[in-house]
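Encoded as C-alpha cells, the structure appears first; notes follow it.
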Protein chains: 2
Amino acid sequence: MTTIEGSKLVRSQGVTAPLGFRAAGIAAGIKKSGKPDLALVFSEGPEYAAAGVFTSNKVKAAPVRWSQQVLKTGRLRAVILNSGGANACTGPLGFQDTHRTAEELAKALSNWGTDTGAGEIAVCSTGLIGDRLPMDKVIPAVTEIVHEMAGGICGGSDAAHAIMTTDTVPKQAAYHHRDKWNVGGMAKGAGMMAPSLATMLVVLTTDAVVGAEQLDAALRKATGKTFDRLDVDGSCSTNDTVLLLANGASAVTPSQEELDAAVLAVCDDLAAQLMADAEGVTKRVRVTVAGALTEDEAVAAARCVARDSLVKTALFGSDPNWGRVLAAVGMAPVTLDPDRISVSFNGNPVCVDSVGAPGAREVDLSGADIDVLIDLNVGAASAMIRTTDLSHGYVEENSAYSS
Amino acid sequence: MTTIEGSKLVRSQGVTAPLGFRAAGIAAGIKKSGKPDLALVFSEGPEYAAAGVFTSNKVKAAPVRWSQQVLKTGRLRAVILNSGGANACTGPLGFQDTHRTAEELAKALSNWGTDTGAGEIAVCSTGLIGDRLPMDKVIPAVTEIVHEMAGGICGGSDAAHAIMTTDTVPKQAAYHHRDKWNVGGMAKGAGMMAPSLATMLVVLTTDAVVGAEQLDAALRKATGKTFDRLDVDGSCSTNDTVLLLANGASAVTPSQEELDAAVLAVCDDLAAQLMADAEGVTKRVRVTVAGALTEDEAVAAARCVARDSLVKTALFGSDPNWGRVLAAVGMAPVTLDPDRISVSFNGNPVCVDSVGAPGAREVDLSGADIDVLIDLNVGAASAMIRTTDLSHGYVEENSAYSS
C-alpha cells in the first residue's frame, strides 16, 4: 500500500512473501472451538540465519525459554506456533512438552526430506497461562502440518489465521524491495491486551543474504520503535516473541541500512494492525510527546499518558479532558516544567503553557482516530506510543471466566 | 469500633472529635447541583502546630502550591476546602484565586474575633482540572461559613459532606486515647480514582500537645503505610493533600510512639473507607506480597499487581485467573525467582512454585472482599496494597463528558 523509492509494502502476503519460505496453519484440536490453532513457518535455505526478541517479563513461558536457548546459535530452520494454550507456569513438565514438540517436528521434517534438528526449531505458544498443552493432540498434528506446507499466498495466510486468539483478523505485511528481495511477516495479539488469551507473537522472514548479527541489529532497532511502543494496557505477557529468519534465497545482499528500513517498515505496519484490532478498541490513539530532553524521556512520558486509565476512559467517551493528560504526564519520571506543557487533540490546541485554551472543551473527538500531542518545551526529542481507549468492551472481554 | 489497649476508634466523628476544633460545610454554589461544596476546619488553639503531605505529581494545583508554602512555618489555624473545581492548570490567575480565598477567610475570621493571617490558612480544592473557580460565589461563602462553624459531631460531619465529589458516603474516623487526647479525621476520594472530579483530600486534627516536627514524623509514617498503599487506578491527582493540625487543647503530651499509633489508626481506617467507596468498585481487594527481600520491594511488587488492568478485570469477573497475577508480578522491578512464586486467593492456594495448584480454577471469588497473597520466597519482608476491581462502573463513570 505504501511506496518507498520504488519499493512496496502490501498486506496481502506475509511470511511466505519472500522466496524459499513455506508455511501452514491447521486445526490440531488444542482450541475447544475447533478453529485453526497450529502454525508452521519453514525455511528452505540455503541459509538459516535468525534473530529473536522476547518478553522482558521475568516469568517466561516454556516455549520462550526453549527458543531463547535455541537462538544462541543464530540459526533457525523452522518455527512452530500454537494458539489455545500459553504453556506458561507449567513447570518442568511444560518445558518437556515444548522440547518434545520440537523433537517431533524435527523428526517429521527429516522424514519429509530435510535434515533438521530440534535445536534449529523455535516454539511459540499463546493462550491461557497455567495449563499444560494437550500433547496427545499436538504430537500427531506436528507431523500432519509438515505435509500441509505451502509457499506463496496460501501458506502464509493459513499460518496467520492459526495463531489468532481473540484477534478478529489475521495480520500480515510484506515489503518488496525494488532490488528484488523481500521481508514478510505475520503477527497476533498486542502485548497482553487479550484476556488470558494473551501474547504478541510475530514471525518475520526475508530472502535477503544477511548474517545473524545483521538480522539481530535490524530486529532490535525495529522492535524498539514499533512493538515496544505499542501499549494497550501496560501488561506484558509471559510469551511475547518476535522472530526474524533469513534464508538468502534472493541472492541479494542489502546494506544494513536497507535491511533496517525494510524490517522497520514491516514491523511498523504490523504494529498498526495490532493496535487497530486490540481488544475492546473503539479508538485508535497515538500519543506523541515532543520537546523532551531525550528520546527515552519522550517515550517514558508518552507511555505514562498511554497507560493512564483516566485518559483512556475519557478518550472512550470522546471527552477532550486535557486535564487528565497533564495529570498523567506530571507523574512521568522525566524532566519537565509544569508551567510550560502544551497539549493538542487532533491538531486542536487544548492546553497552552499548562492552561486551558479557548474552546478546549468543545473539541470533537467522536472519530475513531485520536492524535494526542504533548509538547514539554524543554528539549528537541520526540516519540510516539500507539494505544487504544479503555472501553466497556475491554472490561467485558477481560472479565470473562478463564474456565 | 476497634479497641486498642483501652483506646477506641470510631467512625461517628471526625475532625471535630478532638477538643478545640470547629468545622462547617455549606453550599457555596460552586457545584452546579447545589450540593454542599465548601468546608472549613478551624483550630481554636492554644497551639497551632501543623504538618502536611502533598501530591508527588509535578503538575500541582494552585491550592497545593499555596499550602506547601504556608506550611513551611509548621503552623496552621484553619483549612478551607472546596469541591466542584480543582483550580489546577489555571495559571497565575488560579493562584491569585487561592491567595484571595485565604485572605478573605483571614479577614472573616479576624472580624469574628480571632487574630488570623492568610499565612496561617491552608487551601484545598477538588474537581475538574483546568477551570477557574467561580470567585463571585466563593468569596461571600468564605465569610458565611465562618458563622456556621460548630464543634462536636455536627461541624465535622457537615465538613466531611461538603468535600465529597463522586464519593457516595462521607468518610470520618476518630481515635480516642485512654489518656484523654484524641485524633480525628475526614477524607474524600481515593487517588485520582474519580472522573475529572478527582483527588484525595484528608484533614486530620488532634488536641494533643505536640510540635510541628513530631506531627510531621507521625504523618509521614502513617501516610507511607496507608494512603500511599491505596491504589485504585495508578493515577495521581494534581491536588492530593493530607494535613494534620494539633492545638494542644487536651493538655496531654503523648510520646512519639503513641502519636504515631493514633495517627496511623485514623489514616488506616480512612484508607479502608476510601477503598470501599472507590468509583465503580464491586470488589475490595487487598494485595499482599510476602517473602520479598525488602519492604520497598514488597510494596513495588504488590503495586504492580494492584495496578494491572488484566488482574483487575479478572477480579471484577470473580475469575481466579492466577496466571495474570504471575504475569503482573513478573514485570515488577524486584528480586524474584520465576520458579518459586506462590499465590493464594482468600486463603486458597492457586499456584505453588509457579505452577497451578489442584482446584485453582474452581476457587470461589464471588464475594465482595478478595485477598490476594503472593509469596516470592526470596526474603522475609511483606507489604499490603489496597485496590479495587476494574468494572463497567469505573469505565462508565470515567468516560462521561467533563462538560
Atom group of B:Ser354 that falls short of 4.5 Å from chain A, counting heavy atoms: backbone
Between OG on residue B:Ser237 and CZ on residue A:Arg324, distance to nearest 0.5 Å: 11.5 Å
Part of B:Asp337 lying under 4.5 Å from any heavy atom of chain A: neither
Selection from A:Asp353, A:Thr55, A:Asp389, A:Asp131 maximising heavy-atom pairs under 4.5 Å formed with chain B: A:Asp131
B:Leu128/A:Arg361 under side-chain contact (heavy atoms from CB on, under 4.5 Å): CA gap, chis, key distance, verdict: CA-CA 12 Å; B:Leu128 186 66; A:Arg361 305 263 182 239; 3.5 Å; yes
Non-hydrogen atoms of B:Val59 and A:Leu326 that approach each other most closely: CG2-O, 3.6 Å
Contact class of B:Val350 relative to chain A, heavy atoms under 4.5 angstrom: neither
Residues B:Arg65, A:Asp339: salt bridge by 4.0 Å N-O rule: yes
Nearest non-hydrogen partners of B:Thr313 and A:Val395, listed with the distance: CG2-CA, 4.0 Å
Option that, when pairs with chain B are counted at under 4.5 Å, heavy atom only, ranks first among A:Pro338, A:Gly356, A:Ala360: A:Pro338
Nearest heavy atoms of B:Ala327 and A:Ile129, plus distance in Å: CB-CD1, 4.1 Å
Proximal component of A:Val325, with respect to chain B [non-hydrogen, under 4.5 Å]: neither
Contact origin within B:Ser391 toward chain A - heavy atom pairs under 4.5 Å: backbone
Heavy-atom contact with chain A under 4.5 Å, split by part of B:Leu93: neither
A:Ile341 versus chain B, the contacting section by heavy-atom distance below 4.5 Å: side chain
Atom group of B:Thr90 that falls short of 4.5 Å from chain A, counting heavy atoms: backbone
Side chain B:Lys58, main chain A:Ala332, donor-acceptor under 3.5 Å: yes
